[in-house]
Structure formats: C-alpha cells, structure tokens
Q: 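I have a structure here, written as structure tokens, and I will follow up with some questions on it.
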2 protein chains.
Amino acid sequence: MWKKLKRPSIRDVAREAGVSISTVSSVVNKTKFVKEDRQKRVLKAVKKLNYKPNIIARGLRTRSTRTVGVIVPDIAQPFFSQVIRGMEEVARKRRYTLILSCTFYDVAEEERQMNVLVDQFIDGLLFFCGYDNYSHIKKIYNQNIPVVVIDREVSDPKIPSVLIDNTGAMEQAVDYLCSYGHREIGYVTFTFENQATVRNRYAGYCSGLKKNNIPHNPDIAIIDDAIRLNELRGTYNIIKELHEKRKMPTAFTAIADASAIGLIKALKEAGYRVPQDVSVVGFNNEIVCEFSDPPLTTVKQPKKLMGAAAMNLLLDIVEGKKVKNKNIVLPTNIIERGSVAAPPKNTKQLSQRGFGNEF
Amino acid sequence: MWKKLKRPSIRDVAREAGVSISTVSSVVNKTKFVKEDRQKRVLKAVKKLNYKPNIIARGLRTRSTRTVGVIVPDIAQPFFSQVIRGMEEVARKRRYTLILSCTFYDVAEEERQMNVLVDQFIDGLLFFCGYDNYSHIKKIYNQNIPVVVIDREVSDPKIPSVLIDNTGAMEQAVDYLCSYGHREIGYVTFTFENQATVRNRYAGYCSGLKKNNIPHNPDIAIIDDAIRLNELRGTYNIIKELHEKRKMPTAFTAIADASAIGLIKALKEAGYRVPQDVSVVGFNNEIVCEFSDPPLTTVKQPKKLMGAAAMNLLLDIVEGKKVKNKNIVLPTNIIERGSVAAPPKNTKQLSQRGFGNEF
DNA sequence: GATAAATAGGAAATCGTTTCGCTATAAATA
DNA sequence: TATTTATAGCGAAACGATTTCCTATTTATC
C-alpha cells in the first residue's frame with residue numbers, strides 16, 4: 001500500500017491561528033461573522049499551512065458530496081460522449097464532480113450501478129436509459145434523490161427530463177425534402193419498437209407526409225435491423241427490390257446518420273447518384289456526416305446543450321432552486337450539407353439505371 | 001434542499017443483533033473471527049435493516065475511497081471515449097468508481113483539475129496529457145499518489161505509462177504499402193511538433209522508408225495544420241501542386257484517419273481513384289473508417305485494451321501489488337479495408353489525369 | 001485444582017468536519 | 001450604577017465507520 005501524506009486539518013489551522021476550531025470553520029465557510037483581525041489570522045494560517053478542508057469529513061457531516069452520477073449505456077458512442085461533454089462543462093463550472101458508469105444496455109446493470117452511485121452519496125443522478133424501462137428510476141425518485149432522465153420520454157411528468165421532440169424533428173426533415181419538391185420519400189429505420197425514440201421518429205415521418213398531402217406508402221420504408229452490426233444486407237436487398245419494381249423514391253430520411261450512410265452506400269453501388277438521383281437526410285449530425293461522400297445533410301440534435309441543460313436542471317433541483325419547467329424539450333435544426341438536391345426532372349430515366357453486379 | 005433519508009447505521013445493526021459495533025464491523029468486513037451464531041445474528045440484522053456501510057464514513061477513517069480520477073482533454077473525441085470505456089469496464093469489475101474531468105487542452109486546467117481530484121481523495125489518477133508537459137504529473141507523483149500516464153511518452157521511466165509504439169506502428173504502415181509494391185509513398189501530418197506522438201509517427205514514416213531502401217522525398221509530405229478545423233485547403237493545395245509537378249506518389253500514409261479521409265476527398269476531386277490510382281492508409285481505426293468511401297485501411301490502436309491495461313496497472317499499484325512492468329507498450333496492427341491496392345502499372349498515365357474545376 | 005495461554009467480544013479513541021448551545025464580554029437602557 | 005440585550009467566540013456533540021486495546025471467558029498445561 002501507498003502511504004498517504006498527512007494533510008493539515010482544521011485543528012492545525014486553529015492552533016496556528018490561536019483560535020478555536022469553530023472559528024476556523026466559520027471563516028472558511030463564511031458562515032458566521034468573525035472580527036476582522038481574527039479572520040485575518042485564520043486566513044494567514046490557512047495559507048501558511050496550505051489548508052484545504054477534507055471533503056470526505058465534510059461530506060460525512062453535511063451529507064452532501066457535490067458529486068453527481070452519470071449512467072450511460074456506452075460512453076464510446078459519439079452521441080453519448082458529446083452530451084456528456086456538455087454535462088461535464090456545467091458540472092465543473094458549478095464546482096461539482098462527475099462520476100461515470102456504463103451499463104452496455106443491460107437493465108440489471110443499470111439498476112446495480114444506480115445503487116452503487118446512491119451508496120456513494122451522490123447529490124443527484126443523470127440517467128441515459130438503455131430502454132423504455134423506468135421502474136428503477138421511479139425507485140430512486142421515491143428515495144428523494146434528484147434525478148434527470150435524458151433523451152427518453154418517461155411517462156411520469158413528475159420525473160424531470162431533457163430531450164428533443166423526435167416526432168417534430170423528423171417532420172422537419174420531411175418538410176425540408178418537400179421544400180425541394182420531393183413527393184416520393186422513403187424512410188430507413190430499425191425495428192426497435194419498444195423504444196419510444198424509434199416509434200416517435202417514425203410517427204414524425206408519417207405525419208410529415210400527411211402534412212404535405214403525400215400518401216403514405218409502406219413499401220418504401222426500409223426496416224433494417226442489421227444496421228447496428230454494420231451489416232447492410234437488409235438495406236441492399238430492399239434497395240434492390242425498390243429498383244426492380246421501379247419504385248425508387250426520390251428521397252429518403254433515416255433514423256440515424258449511420259443508417260443514412262449505409263443507404264448511400266447501397267444506392268451508389270446500385271448506380272444511383274446522391275444527391276442528383278436520390279436525396280438523403282440523416283439524423284443526429286454525427287462526425288461521420290462531414291466525412292461521408294457526399295457530406296450528409298442531417299437533423300441536428302443539440303447534444304452539448306442537451307447535456308448542459310440536463311446538468312443545470314439537476315443541480316438546480318439539488319440546490320433547491322425553483323425550476324419553472326422540469327421537462328425540457330430542445331429544438332432541432334437541419335444542417336445542410338451535400339446530400340439533398342431537387343428531384344430529377346425525369347424520374348422514369350432514374351428507374352432505368354441498371355444495377356451493377358454487386359447483387 | 002432535499003431531505004435525505006436516514007439510512008441504518010452500524011449502530012442500528014449492532015442494536016438489532018444485540019452485539020457490539022465492533023463485532024458488526026468485523027463480520028461485515030470479514031476482518032476478525034466471530035463465532036458462528038453471533039455472525040448469523042449480525043448477518044440477519046444486516047439483511048433485515050438493509051444495512052450498507054456508509055462509504056463516506058469509511059473513507060474518512062481508512063483514507064481510501066475506491067475512486068480513481070480520469071483527466072482527459074475532451075471526452076467527446078472518439079479516441080478518448082473508447083479508451084475510457086476500457087477503463088470503466090475494469091474499474092467496475094474491480095469495484096472502483098470513476099471520476100471524470102475534461103481539460104480541453106488547457107494546461108492550467110489540467111493542473112487545476114488534478115488538484116480538485118486529489119482533494120477528493122482519489123486513490124489514483126489516470127492522465128491523458130494534452131501536451132508534452134509533465135511537471136504537474138511529477139508533482140502528483142511526488143505526493144505519493146499513484147498515477148498512470150496514457151498515450152504519451154513521459155521522459156521519466158519511473159512514472160508508469162501505457163502507450164503504443166508510434167514509430168513502429170507507422171513503420172508498419174509503410175511496410176504494408178511496400179508489400180503491395182509501392183515505392184513512392186507520401187505522408188500527411190499536421191505540424192504539432194511539440195507533441196512526441198506527432199514526431200514519432202513521422203520518424204516511423206522515415207525509418208520505414210529507409211528500411212525499404214526508399215529515398216526520402218520531403219516534397220511529398222503534406223503538412224496540413226488546418227485539418228483539425230476541418231478545413232482541407234492545405235491538403236487540396238498540396239495535392240494540386242503534386243499533381244501539377246507530376247510527382248503524385250502511388251500511396252500515402254496519414255497521421256490520423258481524419259487526415260486520410262481529407263486526403264481521399266482531395267484526391268477524388270482531383271480525379272484520382274482510390275485505391276486504383278492512389279492507395280491510402282489511415283491511423284487509429286476510428287468509426288469513420290467504415291463509412292468512408294472507400295472504407296479506409298488503417299493502423300489500429302487497441303483503444304479499449306489500452307484503457308483496460310492502464311486501469312489494471314493503476315489499481316495494481318494502488319493495491320500495492322507487485323508490478324513487473326510499469327511502462328507498457330501495446331501492439332498495433334493493420335486493419336485491411338478497401339483503400340489500398342497495388343500501384344497502377346503505368347504511373348505516367350496517372351499523372352496525365354486532369355484536375356477538375358475544383359481548383 | 002491452580003496457573004498460564006489463547007481467544008472472543010466490547011469500550012473507546014480516532015478520522016476531520018459542522019453546528020448547537022453556552023459563556024463572557026461589550027453595548028445599551030433604566 | 002445596576003440590569004438587560006446583543007454579540008463574538010468557544011466547547012463539545014454529532015456524523016458513521018475502523019481499529020487498538022483491554023477484559024472476561026474458555027482451554028490447555030502442569
């Protein structure tokens with residue numbers, strides 16, 4: 001074991017300054033009036049000994065650790081890490097410390113980690129749920145530990161949350177394509193239907209069509225489970241089918257940037273040009289958008305802001321401030337890059353393009 | 001303020017079980033022999049009251065918090081977040097908790113955060129330095145706080161570290177290109193010369209050429225400062241110049257995947273095909289490699305392993321275990337995707353390709 | 001059966017704070 | 001001058017564990 005250095009305690013400072021412990025405490029925490037000369041003596045002693053309060057001892061007494069926990073499925077996913085960056089910045093500014101733990105989409109682990117953090121006497125908890133399962137969150141909420149849920153619609157509005165309007169955002173994407181004159185718009189998603197995010201984006205796609213008086217054609221919605229495994233076969237096959245049936249839409253929206261890029265790949269290999277023949281809009285504005293060919297036009301979620309807002313909300317609750325709105329919905333916007341153009345004049349010509357020998 | 005629930009203390013357990021506090025402690029921590037019947041009584045009381053030791057109080061007494069700090073320039077960068085994921089997994093397995101803070105490449109902030117963490121009584125510290133500046137690390141090392149430096153060669157071998165052999169890795173990349181028959185190999189980097197990583201990779205490029213008896217031609221090393229800002233003008237201009245001078249090499253290695261992808265973009269717009277005309281090798285194996293067109297062949301750093309190794313090393317030191325090697329160097333390897341092929345037969349033809357009107 | 005050795009369990013000190021309540025002094029009032 | 005009020009500062013009690021001694025009991029030895 002390592003030997004730890006003994007640091008000066010409040011007792012040492014009191015002795016050095018020739019005052020009582022409680023006086024030192026009052027000075028350090030500015031919690032009581034102390035006459036100027038004694039105050040100066042204390043401060044001088046603090047500086048001389050380089051005294052810093054032992055926050056463990058303080059935590060024991062005050063039951064506050066100025067620490068917040070963050071539970072997240074996987075820190076390595078860009079979306080999460082970018083949101084967390086926003087949290088970290090606010091926490092630092094407000095002099096809180098951030099404890100991180102990952103659950104890898106394991107609900108049991110979520111609950112276990114939650115308890116570990118509670119045992120650490122965190123002042124509050126920021127929760128990215130892997131799934132739409134909030135029983136453990138309710139549990140912690142009922143334990144009177146401040147908690148904020150991120151990026152998930154939790155049914156109970158009493159539980160504070162920060163998210164985007166997924167339905168509206170996808171509607172926005174459809175609107176955007178319509179503004180270019182598109183009337184045949186496909187959708188690529190994955191079947192993860194027990195997740196509200198997935199359901200809502202699809203709902204946004206549908207309501208976007210409706211709003212623009214476009215009949216909904218389920219044939220051009222690509223359901224690609226495999227996309228998370230980087231196996232694009234599903235998308236390829238559906239693109240092929242659409243092509244053969246001469247039913248290729250002039251544009252697609254996608255539930256995520258990765259799906260969109262997979263789609264572009266499939267389209268390109270099938271001989272379509274993006275965006276001249278087919279336009280594509282992604283979702284999330286991840287870094288890959290800039291590196292994609294063509295660069296991907298996408299719906300941006302304000303990730304950093306999301307983290308910052310969540311942290312501010314949480315700390316406001318922790319510190320007992322009045323919060324007017326504990327269910328924050330953040331705005332999204334379209335980031336225009338190079339994957340959207342007006343639909344081709346002659347769409348018949350489009351359908352005549354031949355598939356390569358990839359299939 | 002939130003009212004906190006009062007949790008049962010060791011005193012409550014002792015009362016419930018009808019034994020002394022010290023007996024409860026002995027049972028809970030298995031630190032002393034206690035007769036079976038009393039042990040059972042204690043355990044029963046623990047279960048009945050759902051007692052969990054207050055780790056703050058324990059920390060105050062034992063001066064150990066089972067907490068490690070991680071200081072990193074920016075959690076949102078994929079490299080860092082993937083390494084951290086490895087750390088987190090090990091920490092969780094070994095029942096430690098992870099405190100995170102970001103410095104955004106600010107040396108003063110590095111030192112400030114370091115002190116904040118020390119004040120938190122972390123048991124150890126994992127440090128990603130933004131720059132080659134180790135004075136504060138030496139300071140903390142001398143305070144007898146276990147510390148491990150990641151991804152940086154710190155001059156003093158007494159300070160534990162985990163990294164890859166950057167020179168060797170880049171040599172590997174050059175070797176790989178040579179094995180395809182390339183003899184004209186360019187390099188793209190940025191001028192960040194006060195960072196050993198950058199210097200060493202360039203050194204690896206040079207020694208790789210030497211090893212393969214290729215004379216070093218400084219004209220085909222692209223120095224592109226702007227790449228971090230996603231401004232590819234530098235690369236474009238140099239590609240243009242190489243093209244006009246008919247000096248385009250048949251292959252490039254790059255200091256990072258982003259640089260490589262920027263390069264590919266410039267090459268494509270200039271009318272070169274990748275990999276048929278020019279091959280490109282990246283560095284890091286980031287997610288973008290898979291989405292790039294063509295998918296990027298690259299040098300892989302074992303990021304997760306790196307984090308895991310660093311955390312294990314740190315915790316071994318914290319726990320006073322004997323460590324045979326406190327300066328760990330991890331292996332790299334080439335991930336083959338689609339951006340490398342044999343050089344074209346007739347390189348003259350290559351130089352005749354015309355630039356588009358991008359320039 | 002008397003003494004020595006071994007052992008189980010408990011009392012109390014300690015870790016470093018915060019905070020309640022009390023005392024002694026100074027100021028204000030009668 | 002005597003009495004009340006205000007105030008600055010201090011002592012001591014928490015907070016909830018761990019750990020060092022010490023005592024009382026049991027077991028072993030002669």
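In what follows, every chain begins at residue 1, and chains take the letters A, B, ... in the order their sequences are listed.
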Q: Which of the following nucleotides, C/dT17, D/dA8, D/dC10, is nearest to the side chain of A/Ala57?
A: C/dT17
Q: Does a salt bridge link A/Lys324 with A/Asp316, judged by any charged N lying under 4.0 Å from a carboxylate O?
A: no
Q: Of B/Ser25 and B/Lys32, whose nearest nucleotide on DNA chain D comes first from the 5' end?
A: B/Ser25
Q: A/Glu36 has an atom CD; how far is it from atom P of D/dA8, in whole Å?
A: 13 Å
Q: Within this structure, what is the CZ-to-P distance between A/Arg7 and C/dT14, rounded to whole angstrom?
A: 21 Å
Q: Using a heavy-atom cut-off of 4.0 Å across all strands, would you classify A/Ser22 as base, sugar-phosphate, or nothing?
A: base
Q: For A/Glu16, is there an ion pair with A/Lys44 - N to carboxylate O distance below 4.0 angstrom?
A: no
Q: Check the distance between C/dT17's C1' and A/Tyr51's OH and give it to me in whole angstrom.
A: 7 Å
Q: Is A/Arg85 paired with A/Glu88 through a side-chain N to carboxylate O contact shorter than 4.0 Å?
A: no
Q: Examine the base of D/dT18 for any acceptor or donor lying under 3.5 Å from a partner atom in the side chain of B/Arg61, and report the outcome as yes or no.
A: yes
Q: Rounded to whole angstroms, how far apart are NZ on B/Lys35 and P on D/dT25?
A: 12 Å
Q: Using a strict cut-off of less than 4.0 Å between a Lys/Arg side-chain nitrogen and an Asp/Glu carboxylate oxygen, indicate whether A/Asp119 and B/Arg7 qualify as a salt bridge.
A: yes
Q: Which of the following nucleotides, D/dG11, D/dG16, C/dG10, is nearest to the side chain of B/Leu60?
A: D/dG16
Q: In whole angstrom, what separates A/Arg63's CZ from C/dT17's P?
A: 17 Å
Q: Please name the nucleotide paired to C/dA30 by Watson-Crick or G-U wobble geometry with both distances under 3.5 Å, or report none.
A: D/dT1
Q: How many Å lie between CG on B/Asn29 and P on D/dT20, as a whole number?
A: 13 Å
Q: Among D/dA8, D/dG16, D/dT19, which nucleotide has an atom closest to any side-chain atom of B/Thr62?
A: D/dT19
Q: Tell me: CZ of A/Arg11 to C1' of C/dT17, nearest whole Å?
A: 10 Å
Q: Indicate, with a heavy-atom threshold strictly under 4.0 Å, whether B/Ile55 touches base, sugar-phosphate, or nothing.
A: nothing
Q: Is the phosphate of D/dC10 approached by A/Ser20 (side-chain N or O, under 4.0 Å from OP1 or OP2)?
A: yes
Q: Counting just side-chain N and O atoms, does A/Thr23 come under 4.0 Å of either OP1 or OP2 of D/dC10?
A: yes
Q: Rounded to whole Å, please give me the gap between CG in A/Asp12 and P in C/dC15.
A: 10 Å
Q: Can you tell whether the side chains of B/Asp37 and B/Lys40 come within less than 4.0 Å, N to carboxylate O?
A: no
Q: If you only use heavy atoms from C-beta on, which nucleotide in D/dG11, D/dA17, D/dG16 is closest to the side chain of B/Arg58?
A: D/dA17
